[in-house]
Number of protein chains: 2
Amino acid sequence: MAPDQQRGGATRRRGAALEDAILRAAAEELRTAGYASMTMDRVAQRAGTNKNAIYRRWPARAALGVAAYCHLADAELRVPDTGTLRGDALALLRAANATWSSPQGAVLRDLLAAAADDPGLLTLLREQAGGSSTDAAWLTLIGRAVARGEAAAGAAHPRVASVPMALLRGEYAVRGLPEVPDEVLTEIVDEVFLPLVRGRAIDV
Amino acid sequence: MAPDQQRGGATRRRGAALEDAILRAAAEELRTAGYASMTMDRVAQRAGTNKNAIYRRWPARAALGVAAYCHLADAELRVPDTGTLRGDALALLRAANATWSSPQGAVLRDLLAAAADDPGLLTLLREQAGGSSTDAAWLTLIGRAVARGEAAAGAAHPRVASVPMALLRGEYAVRGLPEVPDEVLTEIVDEVFLPLVRGRAIDV
DNA sequence: CTCATAAGGTACGCTCCGTACCCTAAACTC
DNA sequence: GAGTTTAGGGTACGGAGCGTACCTTATGAG
């Protein structure tokens, strides 16, 4: 009773309309209470429907969670352009840090854990959250630095491009959940990323 | 009924003996079936006791899981000494990869997810699995390379020392669960770690 | 108008966590 | 060695939550 979504008339939604209502309800649940509280009953109630309609579309709770997260996080990644390699790197790292330290980041971590045994769901999540798109951003960023003469030519390597994000993720894994302080970000850039990208040519 | 541990006589275990039996049972459950199957009832049955005795010692299932894991994984970390920086780095990375790709690594990942909301448990786990001890190993390894003239003096930096393990963890996060191939390890060493450690002096 | 399809409603089985209660064996005290 | 405290054993239960079954009822297509 008392569904949160508008179910004004006695009309009965079908197909895409109902699917969208379910996804909205699940995403809202994720946003406000997290994955642990996104129970099937709550989602069904919030969407003004019942679990049957959900299970006809998603085989399990984790699948709905991933779908709702993808529906929720449609963030497009803008590659910063500050003019310097250091500025670009810091901007990209700070953006990632903001995302990961937000409640949305906690949801993402929970989902990654919940989908650990489902390769299909994992790929979906990786596409959405810091997957290939982020690596591509770092590569273009390095490429621009190479063009400016700020970095060695061989630095535009995928493995090199993945270093800052890996270190940031490491901070989240090592520390508990709070935000990573900005000093850590600058240290990653100044002590690892810049030396690696600049000095890399000498022994290639 | 039919406890797996020897409960031959009518003797009733107490204190440390019982605690040890519970830990053994939980560790065995972790080893053979994983954390998901380590239910409190199963552990109690396998230890030949009941849940009461468990909950008097550990407040929740996650706490028991962490304790059992620490009991199970008493691996001491030996710092390799192959004579070259590259050999040492590869050896350390391969050892970590072996651990993480084993069933024990899967248990560790499950536990990390389960203990995500308990800072105390997280610190316990980090001590056990690739925490400060691993960073220390990498630091000594770099220190020896510096002494041999294989690395720049400023390379013995904690942040630098954490790079290879962070990249390895990144591989596990990005890919699903299988083992990380050896080519990735050599690429981490050759494309990132060695250039970083060797060439780092030029702009310090 | 008829009818297949899909949504709604509801109840249920199952697993598992964590707790409560009472009984009894072991250890400690004197 | 008898009494007392402590802690383990047995069992049952409440509650949450996932996933399923079954039937009823509205919707839209032919």
Side-chain angles (χ1 to χ4, degrees), chain A residues 1-23 25-26 29-30 33-66 68 110-111 113-115 117-118 121, chain B residues 1-23 25-26 29-30 33-66 68 110-111 113-115 117-118 121:
Chain A
M1 318 296 170
D4 290 357
Q5 301 293 331
Q6 62 284 0
R7 288 289 316 279
T11 179
R12 178 182 282 188
R13 296 159 301 179
R14 288 172 81 95
L18 181 56
E19 182 159 333
D20 203 60
I22 295 172
L23 274 180
E29 206 68 40
L30 281 186
Y35 179 65
S37 301
M38 191 205 79
T39 69
M40 301 305 257
D41 293 274
R42 284 176 70 89
V43 171
Q45 184 184 348
R46 182 175 277 230
T49 180
N50 59 347
K51 290 193 290 182
N52 264 336
I54 303 178
Y55 279 104
R56 265 190 216 109
R57 292 171 167 80
W58 295 276
R61 174 167 169 263
L64 173 62
V66 171
D110 286 349
L111 283 175
D117 55 350
D118 190 322
L121 292 183
Chain B
M1 320 298 169
D4 290 357
Q5 300 296 330
Q6 61 284 359
R7 288 291 315 280
T11 179
R12 181 181 280 186
R13 297 159 300 179
R14 286 172 82 94
L18 182 56
E19 183 160 333
D20 202 59
I22 295 172
L23 274 179
E29 207 68 41
L30 282 185
Y35 179 64
S37 300
M38 192 205 79
T39 69
M40 300 305 257
D41 293 274
R42 286 176 69 87
V43 171
Q45 184 185 347
R46 183 176 276 236
T49 180
N50 60 347
K51 291 193 289 181
N52 263 336
I54 304 178
Y55 278 104
R56 257 185 224 116
R57 293 170 167 81
W58 296 275
R61 175 169 168 261
L64 174 61
V66 171
D110 286 348
L111 282 175
D117 55 349
D118 189 322
L121 292 183

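All chains are named by letter (A, B, ...) in the order of the sequence lines, taking the proteins before the strands, and each is independently numbered beginning at 1. All values below come from the heavy atoms of this structure, side chains included, with hydrogens, waters and symmetry mates left out.
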Who are the side chain to side chain contact (heavy atoms under 4.5 Å, CB included) partners of [X], not counting sequence neighbours?
{"X": "B:Ala33", "answer": "B:Glu29, B:Ser37"}
{"X": "B:Tyr35", "answer": "B:Leu30, B:Met38, B:Arg61, B:Ala62, B:Asp110, B:Leu111, B:Ala114"}
{"X": "A:Ala36", "answer": "none"}

(request) May I have the step-by-step check of side chain to side chain contact (heavy atoms under 4.5 Å, CB included) for B:Met40 and B:Leu64, ending in yes or no? (result) CA-CA 9 Å; B:Met40 300 305 257; B:Leu64 174 61; 4.0 Å; yes
Could you tell me which residues satisfy side-chain hydrogen bond (donor to acceptor under 3.5 Å, both in side chains) with [X], sequence neighbours excluded, listed by chain and number?
{"X": "A:Asn50", "result": "none"}
{"X": "A:Glu19", "result": "A:Arg57"}
{"X": "A:Asp41", "result": "none"}
{"X": "A:Arg56", "result": "none"}

Taking [atom1] from [X] and [atom2] from [N], how many angstroms apart are they, rounded to a whole number?
{"X": "B:Ile54", "N": "D:dA7", "atom1": "CD1", "atom2": "P", "answer": "17 Å"}
{"X": "B:Trp58", "N": "C:dT19", "atom1": "CH2", "atom2": "P", "answer": "16 Å"}
{"X": "A:Glu19", "N": "C:dG8", "atom1": "CD", "atom2": "C1'", "answer": "18 Å"}

Polar atoms only, N or O, under 3.5 Å: list the protein pairs with nucleotides 14-18 of chain C and their distances.
{"from": "C:dC17", "atom 1": "OP1", "to": "B:Arg61", "atom 2": "NE", "distance (Å)": "3.0"}
{"from": "C:dC17", "atom 1": "OP2", "to": "B:Met40", "atom 2": "N", "distance (Å)": "3.1"}
{"from": "C:dG18", "atom 1": "OP2", "to": "B:Tyr55", "atom 2": "OH", "distance (Å)": "3.1"}
{"from": "C:dG18", "atom 1": "OP2", "to": "B:Arg61", "atom 2": "N", "distance (Å)": "2.9"}
{"from": "C:dG18", "atom 1": "N7", "to": "B:Lys51", "atom 2": "NZ", "distance (Å)": "3.0"}
{"from": "C:dG18", "atom 1": "O6", "to": "B:Lys51", "atom 2": "NZ", "distance (Å)": "2.7"}

(message) So, under a plain 3.5 Å distance rule, would you say the side chain of B:Asn50 forms a donor-acceptor pair with the base of D:dG10?
(response) yes
Under 3.5 Å, N/O pairs linking protein and nucleotides 2-6 of chain C:
{"from": "C:dT5", "atom 1": "O2", "to": "A:Arg14", "atom 2": "NH2", "distance (Å)": "3.3"}
{"from": "C:dA6", "atom 1": "O4'", "to": "A:Arg14", "atom 2": "NH2", "distance (Å)": "2.9"}

